[in-house]
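In each ligand, atom 1 is the first atom listed, and ligand 1 is the first ligand listed. Reckoned from all heavy atoms, side chains included, excluding hydrogens, waters and symmetry mates. Bear in mind that the values here come from a model prediction, so they are computed numbers and not experimental data.
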Amino acid sequence: RQICLHMSEYFKLNGRMGRTSSYSTIEKINDIAVNQNTKSFTSFDQVLIRRREEARRSIIVQVKDEKSHTDLLTYCLNFGDVNNTYYYTVDNDESRKKFILIEFANISGSEKAIFNGQHSELENILPVTSSFLWFRTDKKKSKLRTDIAPLNIDSNDLPSSYELDQIFSNSNSFSDDMILLYERTKLGEIGTRLRFITALQLEASLKGLFHSCQVLPFGSSINSFGKKNCDLDLIFDFNEKKNIDSSRLMFHSKTLAGTSKIHNQRHLETIADIIQYFLPGCCNTRRIFKARVPIIKFKHELSGLECDVSSTNLSGVYMSELLYTFAAYDWRVCPLVFTVRYWAKEINLTNPAPGKWITNFMLTLLVLFHLQYEKIIPTLQTLSKSKREKDKKIFIDNDYKMIDCGFLTDLNLLKDPETEPNNDTLLELLFKFFEFYSTFDFRLNAISLNSGTLIPKPVYDPLYIVNPLEKGLNVSKNVSQEECNKMRIQFRNAAWNIECSINSINGTSKKWGLSHLIQSHILNKDGFSKVQNMKGSSSTFVVKHLFTNVEETDSVKKTENV
Ligand code: GTP
Ligand code: MG
C-alpha cells in the first residue's frame, strides 16, 4: 500500500508517466473517453435492439473489389435508400475475398434486395436464401449514379505486435499506451455489424420451426471487451414466453421431457447439420458436446468469424449485460481490461485452446473485482438493490432451478452507486491491480463480485471466482494449481517491472510502457534469471515478495503432497 501511495505521488509529479502536459492526440482520445462517460448511458437492451434492427436492414455482397461500389449502389438504390456502406475483406487459404455491407434506410430495402436475388444456374446448388449475396458483372453498361455517398473503409484486422510497437513508440506515457491499445484493437463498427448479421442468418434459418426464436450474440462481441478478431459466441433461445391466457387456440407440439441434456444435445446435432449443410458461408462445423455447456463451433467464410453456438439458457447474455454495465460505469474500465488481456496473451498466460489455464473472461472478472475493491465501480449487490420489475432475469440453471439474477440495467437511474471519487491514472490502476493480486492469498480467499469483498473459499479449487449470476458455481473451476501459481508470479513480475521502469524515465531510450513490460517478460522467461535480477534489485518490494513467493510455493507443494 505504501509503495502504491509513493508511486501515485510520483506519477502525479512526473508528467511523462501520468497524463502528458502538452495536449497530445492521446489526450484528445482521453477527453473523448471522459466525455463519453458524462454522456447519458445507453443500456445493453437498447444496443441489442438497435443492432438487431440494423442487421435486418442490411445485406452483404461479395464484389470484385472496392471499385464495384458505385455500380453496386446504383443497382441497390432501386430497392430503397441506403444509409451506410462498409467495405471489408476476408483472407481464406488461397484468396482474399472482398465484400460490401449495405445498410438500407428501411427494412423494405433489404427485403426487396433479397427477394430480387437469384441463384446461379451454372452450378448444382441448394437454393437457400440469405442476406449473403454476390454481385454479378453486367455486360450491358448501365449509367452509374454520381450522388453516391463514399464507402466506409474500416479496418477489420487486428494490428500485429510489430504494428502495435510502432504505435506505442510515439506515445508519451504508459497510460497513453493503454488508451492506444484499446482504441486500435477494440471491435469496430464493421466487426459488430458482421456479428449481428451472422446471428440473424442462423436465426432466420430456424424461424420456420420456432417462430419466436432468437439467436443472440453474447461474450466479448457485445460486452465491450471484444477485440477485432474475437470469436462470435451465440445463444439459440426458443423464446416462447408469451403468456396470453385469453388464447384458446393451442399449438400441438412435441414434449421436451426427461433428461433434457440429451434432448439438448440432439437438438444441437440437428442445428449443427443445418449450419453445415444449408447455411451459405458456414463450414468446418465441429460438435463439442462433452463440455459442461455443449457447443457447436463453425467458421463463417463470408464474415470471417469463428463462431460458437450454445442453447442452454440465457445466462451468457445476462453475464454480458452485467459486464457491459460495469464497463460503461467508468471510462477507464475498458482500457484497463484490454491491457491486462493483451499482456496475458503476449506472455502466454492465456491460451486460445480450452484447458486448465486462466481465460480472458476470468481475467476480466479479476480486474472488475479489483475496481470494486477500490470503490471505483459498484458491486452487483448495489445494482441488484435498485432493480426494477423489468430488470428481473429468470433462467433455469443446470439443476432445473429457477434463478432470478436481475440487476439495475439503466445506470442513469442508479441513485447511490456506493463508489468513491477516484482520479487514478490508468497506469496507477494497472500497477495497483498487479500489486493487489501478487499479494493475494489465493489459497484461502474467493473473489465475489456480488459483495465486492473477499470471501472464504467454500471448496478447495486453486482459483475461486464466484459466478456472479449463479452463486454456487466457480467460474475458474478448471484452472490448475500450477497455472494459478504462474499467474501470481507473472502479476508480481509485472508490478516489479512497472516499478523499475519509473527509474528509467529520464534515460535516453524508452525503457517503459506496454512493449517494454512484455519484452522484459520475454527476456526474463527463464525463472532463474528473473530471480537473480530480482535479488540484485534494491527494491524492498521485490525482495519482500520474492521471499513470500518462495515460502508460499513451498507450502503449496507441501499441501499437494499431502
Ligand atoms: P474472448 O472470446 O476471449 O474475447 O472473451 P469472451 O468473454 O467472449 O470469452 P468466451 O468466448 O470464452 O466466453 C463467452 C462468454 O461465456 C463469456 O463472456 C461469459 O459470459 C461466458 N463464460 C465463459 N466462461 C464461463 C464460465 O466458466 N462460466 C460462466 N458462467 N460463463 C462463462
Ligand atoms: Mg468469446
Side-chain angles (χ1 to χ4, degrees), residues 44 48 158 181-182 185-188 191-192 194-195 198-199 216-237 288 291-300 305-327 333-334 337-346 348-368 380 393 395-399 403 405 407 446-450 461-480 483:
F44 181 84
L48 216 60
L158 196 65
L181 174 79
Y182 170 57
T185 59
K186 73 176 180 199
L187 191 58
T192 304
L194 286 176
R195 281 165 170 75
T198 305
L216 298 173
F218 72 105
S220 59
S221 295
I222 178 90
N223 66 16
S224 309
F225 300 123
K227 61 178 179 153
K228 281 194 160 101
N229 66 353
C230 69
D231 64 349
L232 169 61
D233 302 294
L234 294 168
I235 271 187
F236 170 64
D237 176 30
I288 319 281
R292 190 175 71 87
V293 178
I295 54 168
I296 307 164
K297 281 184 166 293
F298 69 94
K299 163 100 192 163
H300 202 298
L305 299 172
E306 289 291 343
C307 310
D308 286 357
V309 188
S310 59
S311 97
T312 38
N313 59 46
L314 282 178
S315 66
V317 178
Y318 300 152
M319 186 76 81
S320 306
E321 183 163 23
L322 180 65
L323 299 199
Y324 171 93
T325 310
F326 285 137
V333 176
C334 284
V337 169
F338 268 67
T339 303
V340 173
R341 287 165 70 138
Y342 172 71
W343 163 84
K345 175 180 158 281
E346 291 295 306
N348 296 326
L349 201 56
T350 48
N351 191 318
K356 57 188 179 159
W357 24 83
I358 185 136
T359 64
N360 275 334
F361 173 59
M362 297 169 202
L363 279 175
T364 306
L365 295 184
L366 290 182
V367 175
L368 292 174
L380 179 53
K393 296 188 189 314
F395 70 91
I396 304 195
D397 72 3
N398 288 343
D399 301 324
I403 295 194
C405 61
F407 51 89
I447 286 156
S448 162
L449 277 87
N450 297 73
D461 288 336
L463 177 63
Y464 202 109
I465 305 174
V466 178
N467 182 327
L469 305 182
E470 291 179 73
K471 297 182 194 77
L473 301 178
N474 172 12
V475 298
S476 49
K477 193 162 187 54
N478 290 345
V479 175
S480 69
E483 289 300 313

For F338, is the NZ or CZ atom of K186 found under 6.0 angstrom from the centre of its six-membered ring and inside 45 degrees of the ring axis? no

What are the distances between nitrogen or oxygen atoms of ligand 1 and protein nitrogen or oxygen atoms, counting only those under 3.5 Å?
| unit_1 | atom_1 | unit_2 | atom_2 | d |
| --- | --- | --- | --- | --- |
| ligand 1 | 2 (O) | D231 | OD1 | 2.8 |
| ligand 1 | 3 (O) | N360 | ND2 | 2.9 |
| ligand 1 | 4 (O) | S220 | OG | 2.7 |
| ligand 1 | 4 (O) | R341 | NH2 | 3.0 |
| ligand 1 | 5 (O) | R341 | NH2 | 3.2 |
| ligand 1 | 8 (O) | S220 | N | 2.9 |
| ligand 1 | 8 (O) | S220 | OG | 3.2 |
| ligand 1 | 8 (O) | D233 | OD2 | 3.1 |
| ligand 1 | 11 (O) | D231 | OD2 | 3.4 |
| ligand 1 | 11 (O) | D233 | OD1 | 3.2 |
| ligand 1 | 11 (O) | D233 | OD2 | 3.0 |
| ligand 1 | 27 (O) | V475 | O | 3.2 |
| ligand 1 | 30 (N) | N467 | ND2 | 2.9 |

Kindly compute the distance separating CG (L469) from CG (L314), expressed to the nearest 0.5 Å. 11.5 Å

Flag the pair V309 / I295 as yes when at least one side-chain heavy-atom distance between them is below 4.5 Å, and no otherwise. no

Which protein N, O or S atoms lie under 2.8 Å from the Mg ion (ligand 2), given by chain and residue number? D231 OD1, D233 OD2

If we ignore hydrogens and angles and just use 3.5 Å, is the side chain of S224 paired with the main-chain N or O of A327 as donor and acceptor? no

Counting only N and O atoms by type, is there a donor-acceptor contact under 3.5 Å from the side chain of D308 to the main-chain atoms of K297? no

Side chains of T350 and R341: donor-acceptor distance under 3.5 Å anywhere? no

Does the side chain of L365 come within less than 4.5 Å of I447's, by heavy atoms? no

Heavy-atom closest pair, residues Y464 and G472: OH-O, 3.9 Å

Judged by atom type as modelled, is there a donor-acceptor pair below 3.5 Å linking the side chain of N467 to the main-chain atoms of V475? no

